[in-house]
Amino acid sequence: MDVDIKGTSNAEGEEEKGKPIVVILVGAPGSGKSTFCDHVMRSSTRPWVRVCQDTINNGKSGTKAQCLKSAAIALKDGKSVFIDRCNLDREQRVDFVKLGGPQVDIHAVVIDLPAQLCISRSVKRTGHEGNLQGGRAAAVVNKMLQKKELPKLNEGFSRITFCHNETDVQAALNTYTLLAPLDILPNGCFGQKNPDSKVQLGIMKFLKKMEAPSNTESNLNSIRDNESQISEEKNPSSCTGKEMISSLSCAADKEVKEGNDQLALGSVGPGVSADDGPTLAFPSISTADFQFNHEKASDIIVEKVEEFVKKVGNGRLVLVDLNHGSKILSLVRAKVAQRNIDSKKFFTFVGDITQLYSKGGLRCNVIANAANWRLKAGGGGVNAAIFSAAGPSLEIATKEQASSLHPGNAVVVPVPSSSSLYGREGVSHVIHVLGPNMNPQRPNFLNDDYNRGCKILRDAYTSLFEGFVSIIRTQSNFPTRSSENLKHEPLKSGDTSHDAPTVFFSSNTDQKIKRNNNYESERSKKCKGFQDEARAATTDSRARHINKHENDVSRTMAWGSWAQSLHHIAMHPARHKNDVLEISDDIVVLNDLYPKAQKHLLVVARCDGLDSLADVGKDHLQLLMSMHAKGLEWAEKFLHEDPSLIFRLGYHSAPSMRQLHLHVISQDFNSNHLKNKKHWNSFTTAFFRDSVDVIEDIRTAGKATLKEDDSLLAMELRCHRCRSAHPNIPRLKSHISNCRAPFPVTLLESSRLVLAPTKIASHS
DNA sequence: GTTCTAGAAC
DNA sequence: GTTCTAGAAC
């Protein structure tokens with residue numbers, strides 16, 4: 001069966017012409033690798049070099065390093081190379097695969113003939129280069145086949161040809177013999193056995209839900225047993241015939257018996273590996289259409305992968321790209337190689353993310369989508385491919401989770417069982433991710449601001465991987481939906497039985513529902529978004545809030561999807577380690593995402609149900625004092641670094657973000673994020689409640705005085721120091737950058753301003 | 001909260 | 001013609 005996962009029409013075909021190729025032969029001793037090379041080289045018009053480890057050392061057996069060097073020299077000369085050694089497992093191949101790049105394609109030719117045939121050939125022959133002949137050959141061949149790991153495209157091959165009999169070998173021989181110097185061969189896997197049985201096996205295996213037919217189940221068990229036996233033994237590092245012999249002991253009988261099991265393994269089909277766990281396949285985020293710098297992106301991918309491989313248990317992370325010459329894939333591969341990352345837990349894969357299983361043999365129960373902010377189908381690239389492959393049911397399932405996505409966030413969507421992505425590929429969840437955009441033609445253009453861009457990209461991968469972790473956790477802890485869950489979250493039509501948490505809340509704040517004041521609908525949507533949170537607690541807190549202000553429609557509707565992030569961080573600070581500066585039992589400190597001054601951070605209360613100053617009562621006095629103390633501590637730290645700064649600590653009367661937070665903000669207001677009248681007035685009018693005043697209010701009256709009047713935010717623009725008025729924001733900003741007038745007397749009283757000790761005298 | 005953009009203001 | 005804002009959309 002011919003399979004070309006890239007498609008034979010290659011837009012870059014012209015550029016690829018004339019590339020040298022490295023053909024890595026994979027096969028046991030006696031399979032006919034050397035003969036294959038000889039035949040091709042005898043008649044081919046393409047310049048070939050055969051690199052054979054058994055003879056590379058002046059006719060004697062050499063090292064892998066010598067082979068690599070020799071291959072590299074040949075490639076530099078523009079010659080194509082055969083790597084003639086057993087190359088039976090991934091580890092043996094990996095360094096040779098690295099010879100590949102934009103100018104060199106890596107192929108594999110797998111000569112997977114019956115073990116008995118290889119053995120009988122090895123036993124009979126004399127004068128073999130690897131000195132593998134006679135009686136010991138049977139044991140050696142069997143031993144080597146034990147650790148056979150058929151190559152997969154994800155190792156970095158652009159083309160793999162499987163030969164299961166002499167006819168296949170002859171066909172491959174013809175293909176390579178006829179390959180002229182300027183010719184290229186289509187990419188993909190060719191001649192792979194039993195793809196159909198494999199599909200079913202794979203789906204059953206990772207969903208662990210369907211009942212497996214007894215024959216396949218027993219096959220699977222025999223593979224597991226077989227592999228566990230092998231893993232108990234120490235594998236030799238190389239695989240030339242000679243070294244294998246020297247590493248062998250006298251247990252030849254046992255090995256022949258195991259060799260029979262090995263043949264059974266082959267019958268299950270290639271690509272079956274007992275250690276497949278839950279797997280997330282993800283494209284590189286933002287590096288395609290969003291034009292994010294590849295070098296920076298690859299750093300972030302490797303950083304985040306390193307962080308999360310520890311958290312995914314037996315799960316795997318796979319970076320996928322459609323193209324072989326993918327720059328991002330080679331950058332990541334190179335950087336991963338320098339880190340201590342388990343290659344079984346993370347690897348790269350070349351192929352179509354919507355056909356990883358059916359065309360690439362890679363089982364992934366979760367795939368990530370590089371989504372657009374509207375979470376709509378269409379556009380191009382991965383987003384279009386995934387929505388198109390999944391069918392309309394994914395769009396419906398996505399809408400149930402969220403209507404839009406902010407950069408840096410992700411949303412987990414269970415794939416409906418009616419979708420072919422679920423049935424054919426075995427994908428149970430899609431995680432939509434939105435990364436930072438550096439493309440001026442697309443929304444949320446960051447205009448080359450890589451400080452923000454990198455942060456958002458980190459957030460995006462964190463959200464994505466957290467989503468994957470939560471799926472793993474949900475599937476292992478809650479294989480079925482409990483009646484408790486049903487109570488909180490009624491099943492909807494089109495809902496599937498494998499629901500999963502939403503990573504980052506992005507609810508569907510449907511305007512019609514808002515205007516109709518249909519709280520029940522709104523709440524159910526919000527709850528759905530918070531499936532991974534303490535569901536009842538979240539709902540209760542919101543309900544309390546609603547009851548308290550039940551006559552206040554605007555407040556009932558107050559928290560949009562975008563207003564949830566502080567709450568999320570306060571409830572799960574450990575999940576946002578990169579964002580928070582400090583975590584304690586009752587407080588989280590973090591930088592404001594859009595600082596309105598040189599220094600602008602938030603001291604966030606962790607108490608659930610405390611959404612704003614309006615919720616604060618006498619019970620919270622201690623907390624307010626702790627928050628103030630923490631704010632002062634940070635202000636003083638900044639003052640130590642820069643004594644010219646002046647800070648103010650306070651709360652917004654009506655905050656936009658849910659979860660009580662104290663602003664600690666320097667009074668320079670020197671920031672590109674300060675853009676409009678509301679920004680300015682929210683920090684310089686009575687709308688801003690100084691922390692010292694709030695504490696005094698609570699102490700004396702039991703509640704905070706609020707100045708929620710919108711007119712405060714619409715006030716004329718006045719300098720916070722000299723109180724002069726200015727016509728617009730740019731003029732105001734220009735003024736405040738120079739104004740050195742003393743602050744109004746009211747601010748100088750009662751420690752509302754926090755200054756460096758040396759400055760206090762001059763201001764009072 | 002931000003982004004986007006029509007149209008006001010200059 | 002360009003700058004800036006207010007309001008809508010998310």
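Computed from a predicted structure; not experimentally measured. Reminder, nothing fancy here: chain letters follow the sequence lines and each chain counts from 1.
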Checklist entry - Is there a donor-acceptor pair under 3.5 Å between the side chain of A:Tyr450 and the backbone N or O of A:Phe292? => result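 No: the side chain of A:Tyr450 does not pair with the backbone of A:Phe292.
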
Checklist entry - Got a donor-acceptor contact below 3.5 angstrom from the A:Ser666 side chain to the A:Lys599 backbone? => result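 Confirmed, A:Ser666 side chain pairs with A:Lys599 backbone.
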
Nearest-Å distance, [atom1] ([X]) to [atom2] ([N])?
{"X": "A:Leu713", "N": "C:dG7", "atom1": "CG", "atom2": "P", "value": "13 Å"}
{"X": "A:Ile729", "N": "C:dC4", "atom1": "CD1", "atom2": "P", "value": "11 Å"}
{"X": "A:Asn437", "N": "B:dT2", "atom1": "CG", "atom2": "C1'", "value": "14 Å"}
{"X": "A:Arg452", "N": "B:dG1", "atom1": "CZ", "atom2": "P", "value": "15 Å"}
{"X": "A:Lys675", "N": "C:dC4", "atom1": "NZ", "atom2": "P", "value": "14 Å"}
{"X": "A:Lys678", "N": "C:dG7", "atom1": "NZ", "atom2": "C1'", "value": "11 Å"}
{"X": "A:Lys677", "N": "C:dC4", "atom1": "NZ", "atom2": "C1'", "value": "11 Å"}
{"X": "A:Leu405", "N": "B:dT2", "atom1": "CG", "atom2": "P", "value": "18 Å"}

Checklist entry - How is A:His652 classified with respect to the nucleic acid when contacts are heavy atoms under 4.0 Å: base, sugar-phosphate, or nothing? => result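 Touches sugar-phosphate only.
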
Checklist entry - Is there side-chain contact between A:Asp693 and A:Arg752, with at least one heavy-atom pair below 4.5 Å? => result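 Counting from C-beta outward, A:Asp693 and A:Arg752 do come under 4.5 Å.
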
Checklist entry - Between A:Lys637 and A:Glu633, does at least one N-O distance fall below 4.0 Å, as a salt bridge requires? => result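 Answer for the salt bridge query: no.
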
Next on the checklist: Using OP1 and OP2 only, check whether a side-chain N or O of A:His679 sits under 4.0 Å from B:dT2.
Outcome noted: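 For B:dT2, OP1 or OP2 has a side-chain N or O of A:His679 closer than 4.0 Å.
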
